[in-house]
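Counting from 1, the numbers follow the sequence of the chain as shown.
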Amino acid sequence: MNRLQFLKEMRNSLVETVKEASAPLLEEEVKKMKEIFSSVHYAWHLLGTYDAAELKRAEMRNVHHVPVVVYVQNGKIKARKAICSHCHVIPHYIELEHRLICLYCDREFDLASETGTLKLPLLATKKIKNQWYVQLERDSYA
């Protein structure tokens with residue numbers, strides 16, 4: 001090994017050591033920044049009292065001026081923002097077929113399989129003392 005190869009190897013090994021030493025510190029900082037961003041830009045709003053065994057059909061709710069559809073999928077309560085991503089109207093719920101359809105652009109979303117051409121964003125939910133909460137952007141409106 002000549003001197004040039006030795007110096008290249010020393011440089012590469014020093015860079016790798018610095019990367020490995022700083023990675024845990026950077027991960028902690030990223031986690032803190034995500035928590036700060038989440039607390040500033042998102043808020044938890046009361047959705048209501050639900051039981052996954054009792055909720056048989058989808059329910060449309062207005063939560064902080066945002067239409068939300070609440071339904072059960074595989075024993076879990078889920079919430080989605082009920083606004084058509086294409087034409088920005090509230091889709092119509094067809095109970096017999098358990099799906100949502102936009103009457104303006106004919107896009108649809110099947111709640112049973114969670115598939116379709118209508119894109120409804122999934123919202124974060126949490127349960128506190130038998131009350132369900134949904135996470136929405138602060139100052140977001142339909």
Side-chain angles (χ1 to χ4, degrees), residues 1 4-142:
M1 177 180 286
L4 183 61
Q5 290 173 336
F6 175 75
L7 292 174
K8 279 185 180 179
E9 188 64 34
M10 286 293 293
R11 182 194 62 176
N12 291 341
S13 118
L14 179 63
V15 168
E16 288 298 318
T17 304
V18 170
K19 282 182 185 177
E20 289 177 13
S22 63
L25 299 173
L26 290 175
E27 287 175 4
E28 289 176 15
E29 291 299 320
V30 168
K31 185 177 178 182
K32 288 179 188 177
M33 292 300 290
K34 283 182 180 179
E35 289 174 2
I36 290 170
F37 178 78
S38 178
S39 68
V40 170
H41 294 288
Y42 293 96
W44 290 97
H45 300 282
L46 180 64
L47 194 56
T49 304
Y50 293 100
D51 185 17
E54 294 176 5
L55 188 62
K56 300 292 183 209
R57 60 183 220 79
E59 185 176 307
M60 296 287 278
R61 302 284 309 254
N62 261 341
V63 180
H64 200 265
H65 307 291
V66 176
V68 174
V69 61
V70 181
Y71 64 100
V72 175
Q73 175 72 19
N74 296 330
K76 295 181 182 177
I77 292 181
K78 293 188 176 184
R80 290 186 180 269
K81 193 172 182 179
I83 297 176
C84 176
S85 59
H86 184 256
C87 56
H88 305 289
V89 297
I90 299 173
H92 182 71
Y93 176 60
I94 301 174
E95 188 173 354
L96 292 175
E97 298 174 3
H98 201 56
R99 68 185 173 114
L100 293 163
I101 186 167
C102 178
L103 299 175
Y104 291 96
C105 63
D106 289 332
R107 294 171 193 255
E108 60 181 49
F109 183 81
D110 186 12
L111 293 172
S113 64
E114 295 186 324
T115 59
T117 55
L118 180 62
K119 303 299 181 204
L120 301 176
L122 185 64
L123 302 171
T125 56
K126 68 179 177 180
K127 183 179 180 182
I128 301 175
K129 296 181 182 176
N130 209 24
Q131 295 284 326
W132 283 90
Y133 292 85
V134 64
Q135 188 179 34
L136 297 172
E137 292 180 18
R138 289 190 191 271
D139 299 329
S140 69
Y141 296 98

Do you know which of R57, R99, H98 makes side chain to side chain donor-acceptor pair (under 3.5 Å) with Y93? H98
Looking at L122, L136, L120, V66, which one forms a side-chain contact (heavy atoms from CB on, under 4.5 Å) with K81? V66
Could you grab the distance from atom CD of E59 to atom CG of L47, nearest 0.5 Å is fine? 8.0 Å
On a heavy-atom basis, the closest approach of Y104 and C87 is CB-SG, 3.9 Å
Value for NE2 (H86) from NZ (K119), rounded to nearest 0.5 Å, stands at 12.5 Å
Where do A79 and T125 come nearest, in terms of heavy atoms and distance? CB-CG2, 3.8 Å
With a 4.5 Å heavy-atom cut-off, do K19 and V15 have their side chains touching? yes
Which is it for E108 and E97 under the side chain to side chain contact (heavy atoms under 4.5 Å, CB included) test, yes or no, and what are the steps along the way? CA-CA 11 Å; E108 60 181 49; E97 298 174 3; over 6 Å; no
Rounded to the nearest 0.5 Å, what separates atom CG in D110 from atom CD1 in I101? 11.5 Å
Taking all heavy atoms of P91 and all of C102, pick out the closest pair and write down the distance. CB-N, 4.2 Å
Would you indicate whether the side-chain heavy atoms of K32 and E29 approach each other to under 4.5 Å? yes
Check K76, R80, K78 against Y71 for a side chain to side chain donor-acceptor pair (under 3.5 Å) and give me the one that passes. R80
Considering the options V70, V69, V134, which one meets the side-chain contact (heavy atoms from CB on, under 4.5 Å) requirement together with R61? V70
Interatomic distance, L118 atom CG to C105 atom SG [nearest 0.5 angstrom]: 7.0 Å
In this structure, CZ of R107 is separated from CG of L100 (nearest 0.5 Å) by 14.5 Å
Exercise: identify the closest heavy-atom pair between A21 and P24: O-CD, 3.7 Å
Is the backbone of Y50 close enough, under 3.5 Å, to the side chain of W132 for a donor and an acceptor to pair up by distance? yes
Please round to the nearest 0.5 Å and tell me the distance separating atom CE of M60 and atom CD1 of I90. 6.0 Å
